[in-house]
Peer 1: 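I have a structure here, written as structure tokens, and I will follow up with some questions on it.
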Amino acid sequence: MTDHPSTGPQQNQPVYPRATTAASRAVPASVSFPQIEEQVLKHWEADGTFQASIEQRDTSRGAEEFVFYDGPPFANGLPHYGHLLTGYVKDLVPRYQTMRGKRVERRFGWDTHGLPAELSAMKELGMTDKAEIESLGIEHFNDACRANVLKFTKEWEAYVSRQARWVDFENDYKTLNVEFMESVIWAFKQLYDKGLTYQGFRVLPYCWKDETPLSNHELRMDDEVYKDRQDPSVTVTFPVTGGGQLGEQLAGVNLLAWTTTPWTLPTNFSVAVGPDVDYAVVQAPEDGPLPGRHMLAAELVPAYAKDLGFTDSDEATAAEAAEAAVVSRHRGRDLAGLRYQPLWDYYADVEQWGTQHAWQVVVEDYITTTDGTGLVHQASAYGEEDQRSSEENGIPVILSVDAAGKFLPMFAEPTPSGQTPLAEIAGVQAFEANRAIIQRLAADGRLVREKSYVHSYPHCWRCRTPLMYKAVTSWYVAVTEFKDRMVELNEQINWIPENVKHGQFGKWLENARDWSISRNRYWGSPIPVWVSDDPNYPRTEVYGSLEELKEAFGDYPRNAAGEPDLHRPWIDQLTRPNPDDPTGKSTMRRVEDVLDVWFDSGSMQFAQVHYPFENREWFEDHHPADFIVEYIGQTRGWFYTMHILATALFDRPAFTNVISHGIVLGSDGQKMSKSLQNYPDVNEVFDRDGSDAMRWFLMSSPILRGGNLIVTEEGIREGVRQVLLPMWNAWHFFALYANTARRGAGYQAKTVTSDDERLTPLDHYILAATGDLVREVTAALDEFSVAGACEALRRYAETLTNWYIRRSRQRFYDEDFTAYDVLYTALETFTRVAAPLLPLVSEEVWRGLTGGRSVHLADWPDPADYVKDERAVELMELTRRIASAGSALRKQAKRRVRQPLARLTVVVPQARALAGTYEQIIADELNIKHVDLREADETDAASWGIGQQLVVNARAAGPRLGKDVQQAIKGAKSGDWSVSDGQVTAGGLELQEGEYTLTTTVSEELTDTAVTVLDDAGTSGGFLVLDTSLTEELIAEGTARDVIRSIQAARKEADLHVSDRISTTVTASPETIAAVEAHADLVKAETLSSELHLLQGETSEETRISVEAVETARA
RNA sequence: GGGCGUAUAGCUCAGGCGGUUAGAGCGUCACACUGAUAAUGUGAAGGUCCGUGGUUCAAGUCCACGUACGCCCA
């Protein structure tokens, strides 16, 4: 070893790094990963590495393609951990496939339409409802939406680039582009032509704030959709007027009906009972609040006793009194057809409202007696069950509120009987009207009970308003028509984790319902349906392309700039006379709705390339995708809508491999929240630990297997410690010695193969381990087991640094170039295999090693190039096991490692095979003068204080011995057992073969000897015996080594270079000086001391060291 | 309100058909090792296996009831 590599202009350039993005050509010992990352990113940009990685895989020259679809994010905010997590996977898999020789094109996509954009724009414009949008004008509003949704694209690009995600932003797709939208309306028309869309008037979850229905899957978007809410629950009376088989008998009885939505009572048109529920009629006290007869579920009578006027008395409780007052009982199914008196007469005009069958008792299976009274109020327009039940019984669906959820003006008008009982609710939002309605009920004597009721209730996933269920006109995709096929096609999809296939996703498909796809909003792809504005001349037209529109309307829809544009309001301006109207007065107008945004994102599979108007061939070759990834919630979102459209349009799946990962949680295990500050800032992590550290942390976690992940700074640091630093340190170590070899001329290493004759067992071991690494990572990534790949890399990094390099240091001092070549080979392979998981740091190290253009342009290592050498691995693992047990022995015997010991006896099954190198490693590692290897089966264990212990196998002996087995166990534990003539007896009981095991154990303490048992696989019956006795020679050598250590510390303290020669002065006690004198050559050699001055001090004096450079490489 | 699931070390979680000394990683502490390493090695402390009752020779494991929390659905 000679000169320091990085000094002076007169020096030759060092051999390593052969290429670097750093300003100076050096491999620093302490490294800033974020800094390296920034340099590599800049280099990639200037070099065009990403493009090259795609283009070098030329399909015309036989490269296969790996098709990746990018799920479009909605970018009206900055990316968070969830986006980064998905982004890392979206990068990692394509990088791996590229190295495997595939061509992987990656286009970025932007989801741009829909309510989130509108809400954001409304907030900016200071608006709260749709009327304000209408008065501003749709054109201006949509301009605001467009600007809003593109506001963060630059920031997104910055984040995505910083996370080292290679994706094409130039050639991206946006759902607002006219090409994309044209493909979307094409899809709608396809569905329409196949009879898979229809218009319906059905009850849907409805956001009265956003004035739009939500689709079923939007209720499942996240955990905050269902939140607890307090609502009033009321019980009201409906006096029976007749009807059904029991009408005469029950006339005058009050049906007690229960509801949690008092605001739907004005549209009460039926009361439902359960067919098998028992109902009781109770005669209430005449002096109570509700004299008369009342009907409710028999088992709920006690619960209502007090409301009905029963009181506790000396004889009986109120509940008992109420039970006693039951006058008759009836099965629910017998109550069908009973008619009752409505609460109010707003809908009494049968001609006008079609209510001839209203106000009757219907029988429904869904009725239970767990809440309320067992009789449930039904409003046909405000519940799915209510609507179905009502339609089956000929009861109309009538709305009492407008699009904003406010009661219609008709409530202020007089009813047919000339009353205005609910005048004050007209124009009031439904939930707000509850109070007034309840007061009216109380005033009219119809209110039995009011209670507040806390239940979990759905809220709008965007604006967090509590939803209402309400009948609305909506377009549907008839998913139920082809859901069986969707279930079949799901079988062709490989899900990670696999349980999602038949679990979360499979179950969802089996219960799929028709998809409500229209939204009564502004910013979205249009529903391309035109209808006649005169119901007397009905006609419906559907258009699936710009050309069809031009043909029908004379021109494309054009925006203010004159460009074809399918957005509102331009598309709404296309009208034409209704051809089916001979009067020529009616006009074809577009239905105002826009499409659910999920229709857009589900369409990306074809719309991103403007299929079928362009790229027909491309599409056929690139559908389905080989791989997509998003979070698990998308089983109800993007995964689902992609699957619907692929099934309906192409009869095949949209993707064949999919990772559905878990959710990233804050450091306290809660959902990440800006206000709680429960997660490390993304940019801080990038700046302090780097993108590769974050990637490693996320990718090595169980989150890709569906579990959730808690983000902590410690977790991120751990990855740095386990993999990034070992990789860098190994590289630095290699470069340091390769550069200083041959007195500074340096040595350029080359790849070795395992048949090289120069290789030592240690070399064979690391090369075999390298081959295993390649095989393991390849297998793991082939099945998308990213965490498995990380685990293999982590273990390998440990082996490489803490075993191979540590045990090979002397060979590097000695310039044994075989070791250089082996380390080069190991590192070069390691960095290639790590490249998808640590793309930035691997790049810097790999280029430094090879001088190549980019590790990401390199081919994935071929496992066949790495010979499998199980023997080399097995023997070295055994050696490591012995070294580890030996360390524990030293600890137990209180003999520090620097203190040499005379002898270690190693008794193991394959002791002979360890002779030579392995033996030497054990001696070095444990600082032992002589290692004595002995075969386990040829050694008398007892003479080393090794005995046997009996363990009763309770599982085998228990069934035979029954209760007695406890006695045998006790005997075995207390030593009350024996073996004679092969018969084992424990606790006085004879045990049979298989009912016990004999294990080796240390049974006897010997002086000057420490013994431990080795009993793993491969070492069974083995043990170690350490001679702990100390001679004066050994103590002296130990002392000398302590002094060496002190001198080394002093060298470091003095900031000397590794190769500096020094003059050393040691002042110490006479014993210490004597010990150093005896080992002067060793001390001088180890510490590069040209001169060694020994000064004898007082007996008790502490050792003092001073060092001074006498020959140095540095100026 | 219904259905499902979970409860084990300070934290995150493993613990096939019940088998007698309940494990891992991280964290904590001690010691050792270190001229590539920001590391590393060895060990220690830390447990009412949610509670109560039951089945059994034997229960963290099976059963019943209860408690707490989570998810899905009305």
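To find a chain, count down the sequence lines: A is the first, B the second, and so on, and within it residues start at 1. FYI, side chains are in, hydrogens and waters are out, and symmetry mates aren't considered; it's all heavy atoms of this structure.
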Peer 1: Check every strand shown and say whether Arg809(A) touches a base, only sugar-phosphate, or nothing at a heavy-atom separation below 4.0 Å.
Peer 2: base
Peer 1: Separation of Arg881(A) atom CZ from U42(B) atom P, in whole Å?
Peer 2: 9 Å
Peer 1: Which nucleotide in the set G35(B), G27(B), C72(B) lies at the smallest distance from any side-chain heavy atom of Arg1045(A)?
Peer 2: G35(B)
Peer 1: Hey, which sits more toward the 5' end of RNA chain B by its nearest nucleotide, Ala1049(A) or Ala956(A)?
Peer 2: Ala956(A)
Peer 1: Considering Watson-Crick and G-U wobble pairs with both distances under 3.5 Å, what does G19(B) pair with?
Peer 2: C57(B)
Peer 1: If you find the nucleotide of RNA chain B closest to Val31(A) and the one closest to Gln899(A), which residue's nucleotide is nearer the 5' end?
Peer 2: Gln899(A)
Peer 1: Quick check on the 6.0 Å ring-centre criterion: do Tyr737(A) and Phe733(A) meet it?
Peer 2: yes
Peer 1: Tell me the interatomic distance from Arg895(A), atom CZ, to U42(B), atom P, rounded to whole angstroms.
Peer 2: 21 Å
Peer 1: Measuring only the C1' atom in each nucleotide, how far is C13(B) from G60(B)? A whole number of Å is fine.
Peer 2: 15 Å
Peer 1: If we take the C1' atom in both A22(B) and A58(B), what is their distance in whole Å?
Peer 2: 16 Å
Peer 1: So which nucleotide does G1(B) pair with, by the Watson-Crick or G-U wobble rule with both distances under 3.5 Å?
Peer 2: C73(B)
Peer 1: Compare the minimum distances between each of A39(B), A30(B), A36(B) and the side chain of Lys891(A), then state the nucleotide with the smallest one.
Peer 2: A30(B)
Peer 1: Identify whether any heavy atom of Leu725(A) sits under 4.0 Å from a base atom; if not, whether one sits that close to sugar-phosphate; answer base, sugar-phosphate or nothing.
Peer 2: sugar-phosphate
Peer 1: Side chains of Tyr469(A) and Thr261(A): is there a donor and an acceptor less than 3.5 Å apart?
Peer 2: no
Peer 1: Across the strands shown, which category fits Ser887(A) at heavy-atom distances under 4.0 angstrom: base, sugar-phosphate, nothing?
Peer 2: sugar-phosphate
Peer 1: With a 3.5 angstrom cut-off on both distances, give the Watson-Crick or G-U wobble partner of A24(B), or none if there isn't one.
Peer 2: U12(B)
Peer 1: Considering only atom C1', compute the distance from U8(B) to C69(B) and round it to an integer number of Å.
Peer 2: 16 Å
Peer 1: Regarding Leu961(A), tell me which of base, sugar-phosphate or nothing describes its non-hydrogen contacts under 4.0 Å with the strands shown.
Peer 2: nothing
Peer 1: Quick one: is Arg890(A) getting a side-chain N or O under 4.0 Å of the C31(B) phosphate, OP1 or OP2?
Peer 2: no
Peer 1: What is the pairing partner of C29(B), taking Watson-Crick or G-U wobble pairs with both distances under 3.5 Å in any strand?
Peer 2: G43(B)
Peer 1: Are Arg806(A) and A39(B) close enough that a side-chain N or O sits under 4.0 Å from OP1 or OP2?
Peer 2: no
Peer 1: If you measure from the P atom in C33(B) to the same atom in G41(B), how many Å do you get, rounded?
Peer 2: 15 Å
Peer 1: Quote, to the nearest angstrom, the C1' distance that separates C71(B) from U28(B).
Peer 2: 35 Å
Peer 1: Looking only at N and O atoms, is any donor in the side chain of Glu798(A) or the base of U40(B) less than 3.5 Å from an acceptor on the other one?
Peer 2: no
Peer 1: Among the nucleotides C26(B), A36(B), A32(B), which one has an atom lying closest to any side-chain atom of Glu718(A)?
Peer 2: C26(B)
Peer 1: In the structure I gave you, are the side-chain heavy atoms of Tyr996(A) and Trp977(A) within less than 4.5 Å of one another anywhere?
Peer 2: no
Peer 1: Whole angstrom is fine here: how far is it from CG in Leu991(A) over to P in G19(B)?
Peer 2: 19 Å
Peer 1: Which nucleotide wins on minimum distance to the side chain of Val965(A), given the candidates A36(B), U34(B), U20(B)?
Peer 2: U20(B)
Peer 1: Given Pro900(A), which partner from the list Ile1035(A), Leu1034(A), Leu1030(A) fulfils the side chain to side chain contact (heavy atoms under 4.5 Å, CB included) test?
Peer 2: Leu1034(A)
Peer 1: Can you identify which nucleotide, out of A36(B), C72(B), G19(B), has its nearest atom closest to the His732(A) side chain?
Peer 2: A36(B)
Peer 1: Are Tyr813(A) and A36(B) close enough that a side-chain N or O sits under 4.0 Å from OP1 or OP2?
Peer 2: yes
Peer 1: Is the phosphate of U37(B), meaning OP1 or OP2, less than 4.0 Å from a side-chain N or O of Lys1052(A)?
Peer 2: yes
Peer 1: How is Pro726(A) classified with respect to the nucleic acid when contacts are heavy atoms under 4.0 Å: base, sugar-phosphate, or nothing?
Peer 2: nothing
Peer 1: Quick one: label Ala883(A) by what it contacts on the DNA or RNA (base, sugar-phosphate, nothing), any heavy atom closer than 4.0 Å.
Peer 2: nothing
Peer 1: Do Gln892(A) and Thr1012(A) have side-chain N/O donor and acceptor atoms under 3.5 Å apart?
Peer 2: no
Peer 1: In whole angstrom, give me the gap between the C1' atoms of A59(B) and C17(B).
Peer 2: 14 Å
Peer 1: Sticking with atom C1', work out how far A9(B) lies from G16(B), rounded to a whole angstrom.
Peer 2: 24 Å
Peer 1: Rounded to the Å, how far apart are Ile882(A) CD1 and U42(B) P?
Peer 2: 14 Å
Peer 1: OP1 or OP2 of U42(B) less than 4.0 angstrom from a side-chain nitrogen or oxygen of Ser884(A), does that happen here?
Peer 2: yes
Peer 1: How long is the line joining CG of Asn927(A) and P of A32(B), in whole Å?
Peer 2: 15 Å
Peer 1: What integer number of Å spans the C1' atoms of U48(B) and A7(B)?
Peer 2: 14 Å
Peer 1: For a quick check of understanding: with a heavy-atom distance under 4.0 Å over all strands, which category does Val897(A) fall into, base, sugar-phosphate or nothing?
Peer 2: sugar-phosphate
Peer 1: If only atom types and distance count, is the side chain of Arg890(A) paired as donor or acceptor with the main-chain N or O of Gln899(A) below 3.5 Å?
Peer 2: yes
Peer 1: May I have the distance from Glu1086(A) (atom CD) to G35(B) (atom P), rounded to whole angstrom?
Peer 2: 9 Å
Peer 1: Under a 3.5 Å limit for both distances, which nucleotide forms a Watson-Crick or G-U wobble pair with A7(B), could you say?
Peer 2: U67(B)
Peer 1: Can Arg794(A) and Glu791(A) be counted as an ion pair, charged N to O under 4.0 angstrom?
Peer 2: yes
Peer 1: Is there side-chain contact between Leu827(A) and Leu800(A), with at least one heavy-atom pair below 4.5 Å?
Peer 2: yes
Peer 1: Less than 4.5 Å apart, side chain to side chain, heavy atoms only: is that true for Ile922(A) and Leu904(A)?
Peer 2: yes
Peer 1: OH of Tyr824(A) versus C1' of A36(B): gap in Å, rounded?
Peer 2: 19 Å
Peer 1: Between C1' on G19(B) and CZ on Arg960(A), what's the gap in Å once rounded to a whole number?
Peer 2: 15 Å
